[in-house]
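Okay, so here's the structure we're looking at.
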Amino acid sequence: MQFRSDAYIDGQWRQGASRFKVYNPANQEVIAEVPDLGAAEAEQAVAAAHAAFPAWAAKTAKERAQVLRAWYELMMGDIDRLARLICMEGGKPLAEARGEAAYGAAFAEWFAEEAKRAYGRVIPTTTATRRYVTIKQPVGVCAAITPWNFPMAMITRKAAPALAAGCTIVLKPPHQTPLTALALAELGEKAGLPRGAFNVVTTEHASAVGKVLCESPLVRKFSFTGSTAVGKKLGAMCVGSTVKKVSLELGGNAPLLVFADADLDVAVKGAIASKFRNAGQTCVCANRILVEDAVYDAFAKKFADAVAKLKVGAGDQDGVEIGPLIDDKAIDKVSSMVAEALADGATAVTGGKKHGAGAQFYTPTVLTGVTRQMRVNREEIFGPVAPLIRFKDEDEAVAIANDTPFGLAGYFFTKDVNRAWRVAERLEYGMVSINEGVYSNEVIPFGGWKESGLGREGGVEGLEEYLETKFVNFGGFA
Ligand code: NAP
């Protein structure tokens, strides 16, 4: 398979003085070596984006939309290669990787359309001699840092609205999955993005590059997806240095509630879709499953039976549903969280150990007898492990669900329409899904409450993040 492995700055493919290795998490083989760039190259990328900004911003929305639409068509035309790249460097099964490629491309399509709808307002005046309007203008140069768990979609969710708004952008992709980012640059170049509009700085020195992106006075907007700990630090740096606009898409601790009045088969299907996507490594994966006393045992049995059948293996093998975890740190974290839960009295009704498919595979696991104090309830597991916690009634379920500093995604299963409204309103989460485990797409506002983040990606809200509002007073009318 052909792919780019050089960085992309100011429309040039750059080799860099040193390079770092990119591994296939299914077998730890080296796939490629990419440039290990530093602060100097990050500054060059920012300068290129700054130089490209006036001409790109001056294009009409329709002209920018045509380039974004072409980018979308090229992504869809290249979907097989993009899916294989995502699978190879990120580990997710090929069918899921294809889903991500289509999902990622859809942001370019959606924001090509939304580019034309950056409306201002006419505000009814308070004084006869004045007229008030607001106009929307691009923020300026943007910088983005993205994680490995969606090597493509986390980039297009930021780059497409930024470019649609008239901004230019510098991206630092994760060190584990830079190749998909470089493929997007290649397709963007073919689509007609001008030099400097979209830059990709590959690096193994995230903090040095991140410091430039957060502190440069030329960068006006910073968008980050990743862990809450890193997001807090970078957000503080952005505000403390230059008061940038900031969007943060951070960690979660999603509850999935199964009420006694739910259709248990629907709940099992939804819980599997939510918990085991990307081997449990998504920010919106159900982290903990809360089940009402009356159906706890029945749900646990049906769920564990279905989980035990999930096929584990390398993502490019036929029928595989659960791929490897991203690296050895991830395997160690999941193993230790399960070991702690077992030591504290939980039971592994299926799984509970590493999987024989390779060093970075973990067996899909269901834990019963989990309590609120256990780490599997309090922290993001980011692996194929489903802890089941009992609750006695709706009040207790909502209390357990909201008892976390995070507020990204919540799920619940019920057939009672009154409960559906009530619980949807009571959950302190940016996104709530009823009777379904997967919902994400380009038209919805994706984002979290509390320590899960700031701002929204996708939907009409996604464009707003890259626009400034300017108020204009037409004064002195005779
Ligand atoms: P992470 O360690 O925070 O890394 C994310 C990105 O930040 C990577 O590009 C990383 O670069 C970079 N980074 C790390 N330390 C940095 C620093 N000091 N300065 C500048 N950049 C730095 O997160 P992760 O473990 O890879 O990703 C998983 C997390 O992302 C989970 O918590 C998950 O919930 C969250 N997530 C949230 C969303 C959402 O939309 N809310 C979506 C997906 C994932 P290197 O790779 O080079 O270290």
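Remember, it's 1-based here, ligands and their atoms both numbered in the order they're listed.
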Do [X] and [Y] sit within salt-bridge range, that is, some charged N less than 4.0 Å from a carboxylate O?
X: K221; Y: E465; value: yes
X: K136; Y: E464; value: yes
X: R69; Y: E109; value: yes
X: D316; Y: R84; value: no
X: R157; Y: E457; value: yes
X: R195; Y: D10; value: yes
X: R81; Y: D78; value: yes
X: R375; Y: D344; value: no

Could you tell me which atoms of ligand 1, counted from 1 in the order shown, lie closer than 4.0 angstrom to a heavy atom of [X]?
X: P174; answer: 9 (O), 46 (O)
X: Q176; answer: 46 (O)
X: P147; answer: 27 (O), 43 (C), 44 (C)
X: G251; answer: 32 (O), 34 (O)
X: N149; answer: 43 (C), 44 (C)
X: F382; answer: 28 (C), 31 (C), 33 (C), 34 (O)
X: T225; answer: 5 (C), 36 (N), 37 (C), 38 (C), 39 (C), 40 (O), 42 (C), 43 (C), 44 (C)
X: E380; answer: 31 (C), 32 (O), 33 (C), 34 (O)

Regarding ligand 1, does G226 bring an N or O atom to under 3.5 Å of one of the ligand's N or O atoms? yes
Identity and separation of the nearest protein heavy atom to [atom]:
atom: atom 40 (O) of ligand 1; result: R157 NH2, 2.9 Å
atom: atom 26 (O) of ligand 1; result: W148 NE1, 2.8 Å
atom: atom 13 (N) of ligand 1; result: A206 CB, 3.8 Å
atom: atom 23 (O) of ligand 1; result: S227 N, 3.3 Å
atom: atom 42 (C) of ligand 1; result: C283 SG, 2.9 Å
atom: atom 45 (P) of ligand 1; result: H175 ND1, 3.3 Å
atom: atom 41 (N) of ligand 1; result: L250 O, 2.8 Å
atom: atom 8 (C) of ligand 1; result: T146 O, 3.3 Å

Heavy-atom proximity to atom 10 (C) of ligand 1 ranks first, among R456, M154, K172, for K172
Paired with P364, the side chain to side chain contact (heavy atoms under 4.5 Å, CB included) test is passed by just one of T350, I272, V385, V312, namely V312
**Message:** If you scan the protein for heavy atoms around atom 4 (O) of ligand 1, do you find one that is closer than 4.0 Å?
**Reply:** no
V460 meets the side chain to side chain contact (heavy atoms under 4.5 Å, CB included) criterion, sequence neighbours left out, with E114
Task: Quiz item: cation-pi between K92 and F150, 6.0 Å / 45° - done: yes
When you look for heavy atoms under 4.0 Å from ligand 1, do you find them on the side chain of [X], its backbone, both, or neither?
X: L408; value: side chain
X: F150; value: neither
X: E204; value: neither
X: E457; value: neither
X: K233; value: side chain
X: L234; value: side chain

Shortest non-hydrogen pair, K172 vs P174, comes out as NZ-CA, 3.9 Å
Flag, side chain of N253 to backbone of N377, donor-acceptor distance under 3.5 Å:
yes
For residues 447-456, please give each side-chain donor-acceptor pair under 3.5 Å, one per line with the distance, not counting sequence neighbours.
unit_1 : atom_1 : unit_2 : atom_2 : d
K450   : NZ     : N402   : O      : 3.2
K450   : NZ     : T404   : O      : 2.7
K450   : NZ     : E428   : OE1    : 3.1
E451   : OE1    : K232   : NZ     : 2.9
S452   : OG     : G251   : O      : 2.7
S452   : OG     : G407   : N      : 2.9
S452   : OG     : L408   : N      : 3.3
R456   : NH1    : G448   : O      : 3.4

Note to self: Using side-chain heavy atoms (C-beta onward) and a distance below 4.5 Å, is F361 in contact with I331?
What the structure shows: no
